[in-house]
Amino acid sequence: MIGAGMLPFGELFGTGMKEMLPAAMRAATGSVDKGIAPGEFEAAWFGNLQPSDGFPAGVLADSCGLLDIPVTRVENQCATGNDAVRNAALAVGAGAVDVALVIGADKTRETSTLTTFWDWMGMARDMAWDYPLGLIAPASFALHVARYMHECDARPEHLAMVAVKNHHNAVTNPKAHLRFEVTVEQVLAAPRVAGPFGVLDCAPQSDGAAAVILAAGEIADRYTSRPVWVRGFGLALDRVMHAHKQDMTRFPSTLRAAAAAFGMAGIGPGDIDVAEVHDCFSGVELMNYEDLGFCGRGEAPKLIESGATAVGGRIPVNPSGGLKAKGHPPGATGVAQCVELFQQLRGEAANQVADPRWGLAHNVGGPTAVSAVTILEAHR
Amino acid sequence: VTVVRAVGLYQPAWAEAGRRVPGPDEDAITMAAAAGRAALSVSPGAAVARVVVIARDPGYLDGAPLPVLTAALCADPAAAAATPAELRIGAAPAVIDAVSTAAPGTLVIAVETGPDGGAAAVLIGAPETGPPGTGGARLDDLAVAGHSLPMRVRATGAAQPSAYADPRAERELGWRPAIAVLAAGTEKPVLTGIPAADARRLGGQDPGELAAGAAAPLFALARMAEQGQDGRLIGLDAGLGAAVSVSKASELRVAADARPPLPASGRPRVSGAGTVIPMSMPSYERAVDAKLGLVGARCTVCGTESYPRRTVCLGCGTHDSTGPFALPRRGEVYSVVTVHVPVPGVPTPRGLAVVALTPTTVRVLAHVTDTVPDGCAIGDTGDLVLRLAAVRQGVPDYGYAFRPDLTAAGEPAPTGNGATS
């Protein structure tokens with residue numbers, strides 16, 4: 001990874017998809033130490049969940065002036081961003097492409113808040129069985145977290161601690177959507193959304209775009225003397241209907257994706273120095289701690305209580321503010337996690353973790369049925 | 001003589017000013033299904049040959065989803081589809097007439113969807129069925145009395161009836177002469193279909209706390225059965241009356257599906273701007289038999305159960321290896337949350353639960369119904385009941401909702417959303 005950049009996430013009413021994509025590409029090219037011209041890209045992958053202003057791959061090629069290279073749109077629900085990175089990494093690793101552009105972008109605020117649920121859910125739920133029941137995203141995840149809390153003795157305060165931590169991190173991240181502190185009391189007193197989640201337990205609906213540039217290892221030094229290395233990745237699925245999920249206290253897709261990524265990188269969870277994980281809802285971050293191996297089964301409440309996942313802790317999680325506070329334009333989210341890790345592993349992050357070597361990015365999404373994990377290593 | 005083997009009663013859980021009112025996921029079809037299932041629950045071995053539904057306001061004229069009702073009443077989807085069902089518009093007299101003239105095997109279901117809502121179903125038996133003393137109530141001597149000038153008229157599309165502004169004239173000119181004919185000399189007939197105060201003034205028996213409208217005479221019949229009381233049963237409407245003599249009332253089996261009232265102010269409701277929820281008819285059509293009939297699938301190779309049916313077995317991966325089996329209609333909550341935010345087309349606050357249908361390994365995702373918000377917790381047991389899940393592009397989409405059992409004290413389960421329990 002030779003470059004990475006992103007737009008500030010937020011309600012970007014004044015910026016359409018055709019403006020966001022070139023701006024994200026410039027943010028990434030601008031970070032390449034020795035410079036890069038768009039003409040050097042040999043292929044591009046576009047992580048995008050919901051098309052905006054038309055045919056996604058064409059909008060990217062047209063708006064960025066990349067008409068001479070293949071552009072492939074990747075859609076894999078909330079794992080879209082890290083899956084786009086994975087596809088580009090496969091092409092580069094296979095030797096088919098020397099320099100690849102990955103952009104992730106979505107405009108969740110392009111439709112009204114009331115209909116966005118339905119515009120997007122039609123893709124993500126069984127039309128006959130689950131969709132008519134109104135299984136909106138917060139309810140879908142809340143069914144997992146409610147069972148997790150029941151079995152693992154997690155309290156609402158533990159969920160709130162995740163929101164407090166990630167909001168705190170976002171305050172000092174200029175790219176974050178929600179840059180304000182919250183308290184445990186405020187989170188617990190916020191209007192209820194679904195199950196154990198109140199408004200302050202939920203990620204915002206954000207617009208945003210992020211980009212990374214991958215290059216073959218042999219030529220990386222043409223662009224920078226301190227690249228970040230893609231060492232492992234995994235993508236995995238699970239049963240799509242909640243009725244078919246045997247143990248809802250875990251996300252089996254995360255277990256599978258993490259096993260693949262750790263196996264490829266040749267490291268284990270204990271090696272990770274900084275992680276960006278999928279905290280679309282506060283309690284999901286707790287479940288991720290366990291699924292990713294940062295702590296044992298049922299130990300996530302203790303881990304968040306201990307401060308280990310704060311910046312400065314044993315395993316800082318979501319120093320960017322996470323989805324919870326940095327924001328969540330789904331196609332951009334995973335790519336933006338890699339942007340954060342790129343900066344962390346080069347010592348350039350807004351909330352810098354002390355001298356990290358290994359970084360991990362993670363998404364879980366759709367009907368809690370797809371996960372992607374990317375493992376990056378600092379240049380040494 | 002018509003023999004009535006069993007009567008099933010259903011009253012909605014919600015109440016407003018002391019009167020039961022349907023929940024937002026109930027309509028004539030779901031209430032009829034509840035009453036029909038109650039009647040069949042005390043009619044072992046009974047086969048339903050025909051279903052007749054009678055309501056003042058059925059909610060449907062064209063496109064009445066009667067196949068949904070037969071699917072809910074018959075275990076076998078093929079039998080359900082082949083069971084004739086008809087919808088009649090009428091009130092108390094129409095019900096007495098329908099019951100008295102129905103052939104054995106007919107399930108007559110009367111529904112009231114307004115205030116004092118409820119439904120009652122009777123299963124008509126053959127005169128010779130059953131051991132002595134268990135054959136059912138006998139109904140005979142049907143009489144009807146018309147009246148040329150109805151004093152209470154609700155025109156098509158009108159929300160409220162237009163009434164002649166003199167209740168005393170309605171009682172004395174409309175009902176008293178009809179009762180004189182219909183009572184056929186009987187002292188103290190049971191009068192239904194009119195307000196209880198009018199029934200007492202007109203020399204009838206107070207029929208007790210009843211569902212109104214079409215359901216009233218069958219609720220009264222159930223009360224006669226429970227009290228072992230024979231007599232003349234009269235049903236009145238604005239312009240019509242019908243009566244029948246009831247004997248051997250004590251032989252009638254009664255089953256009631258009713259719960260302590262919950263304040264109707266707490267009913268979930270649709271809020272926010274109206275949004276049309278898309279519907280895919282082909283998708284619905286592929287699902288409907290399994291959905292309405294609660295038909296699970298079991299692998300003939302390894303025995304793994306699934307719902308809905310899958311091409312590839314969850315257990316052994318064999319393709320197209322499953323056969324159907326009937327799912328239990330009771331279950332235990334594996335996880336549950338209350339959705340508080342407005343969801344287009346779905347009344348909120350609304351519980352959503354993953355329910356394990358023990359002893360099978362099947363779980364279902366279902367709305368939680370007939371509870372206050374957060375009135376259902378992990379581990380609760382309860383029933384799957386037919387409800388209206390949503391209206392999609394104008395098409396009613398029915399499915400099974402989870403209704404938690406009441407506690408021993410007759411109260412809904414203690415509050416808790418699983419997070420704090």
Side-chain angles (χ1 to χ4, degrees), chain A residues 111-119 121-122 125-151 154-159 188 190-199 201-202 239 241-249 281 283 367, chain B residues 272-280 282-288 290-291 306-308 310 314 334-356 361-367 373-374 377-379 389-392 397 399 401 417-421:
Chain A
T111 54
S112 73
T113 48
L114 249 188
T115 64
T116 300
F117 279 129
W118 299 96
D119 295 344
M121 262 183 57
R125 303 286 183 269
D126 185 288
M127 275 303 279
W129 291 90
D130 292 347
Y131 183 69
L133 299 180
L135 183 62
I136 54 174
S140 166
F141 280 94
L143 282 165
H144 285 270
V145 172
R147 184 72 199 187
Y148 173 82
M149 295 170 82
H150 177 77
E151 289 193 21
R155 297 191 313 276
E157 290 80 2
H158 293 119
L159 275 60
L188 295 177
R192 298 286 90 195
V193 173
F197 304 148
V199 167
D201 290 287
C202 302
R239 302 289 174 201
M241 292 175 73
H242 278 55
H244 292 160
K245 298 173 196 286
Q246 288 300 306
D247 178 1
M248 290 183 69
T249 67
F281 304 99
Chain B
T275 297
V276 174
I277 308 174
M279 174 77 156
S280 163
S283 161
Y284 183 81
E285 172 65 20
R286 293 190 297 271
V288 69
K291 199 171 174 181
S306 59
Y307 181 74
R310 307 164 49 82
L314 283 168
Y334 172 76
S335 191
V336 62
V337 297
T338 299
V339 178
H340 295 271
V341 288
V343 180
V346 178
T348 53
R350 164 66 77 202
L352 256 180
V354 176
V355 180
T361 56
V362 167
R363 290 185 194 151
V364 294
L365 180 71
H367 280 161
D374 294 333
I378 290 173
V391 177
R392 308 166 72 190
D397 187 356
N417 60 9
T420 53
S421 65

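Just so we're on the same page: letters track the sequence lines, and every chain starts at 1. In this text, all values refer to a predicted model and were calculated from it rather than measured experimentally.
- The residue among B:E285, B:R310, B:M279 with the most heavy atom pairs within less than 4.5 Å of chain A is B:R310.
- Of the possible donor and acceptor atoms, one in the side chain of B:R363 sits under 3.5 Å from a partner among the backbone N and O of A:K245.
- Nearest heavy-atom pair across B:K291 and A:A128 is NZ-O, 2.7 Å.
- In terms of non-hydrogen atom pairs under 4.5 Å with chain A, the most contact-rich of B:P308, B:A390, B:G399 is B:P308.
- At a threshold of 4.5 Å between non-hydrogen side-chain atoms, the residues A:M127 and B:R286 do not count as touching.
- Interatomic distance, A:H242 NE2 to B:L365 CG, rounded to the nearest 0.5 Å: 7.0 Å.
- The nearest pair of heavy atoms linking B:A389 to A:L133 is CB-CD2, 4.0 Å.
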Derivation and outcome, side-chain contact (heavy atoms from CB on, under 4.5 Å), residues B:L314 and A:R239: CA-CA 10 Å; B:L314 283 168; A:R239 302 289 174 201; 3.2 Å; yes
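- Looking only at distances, a side-chain donor or acceptor of A:H244 sits under 3.5 Å from a matching main-chain atom of B:Y307.
- In terms of heavy atoms, A:A146 sits closest to B:V336 at CB-O, 3.8 Å.
- Residue contact with chain A, scored on non-hydrogen atoms closer than 4.5 Å, is absent for B:A356.
- Proximity to chain A involves both the backbone and the side chain of B:V339, based on heavy atoms less than 4.5 angstrom apart.
- Two residues are said to be in side-chain contact when any heavy atoms from C-beta on lie closer than 4.5 Å; B:P373 and A:R192 fail this criterion.
- With B:S335 contributing its side chain and A:L143 its backbone, the two residues share a donor-acceptor pair below 3.5 Å.
- Here the shortest heavy-atom pairing between A:R147 and B:Y334 reads NH1-O, 2.8 Å.
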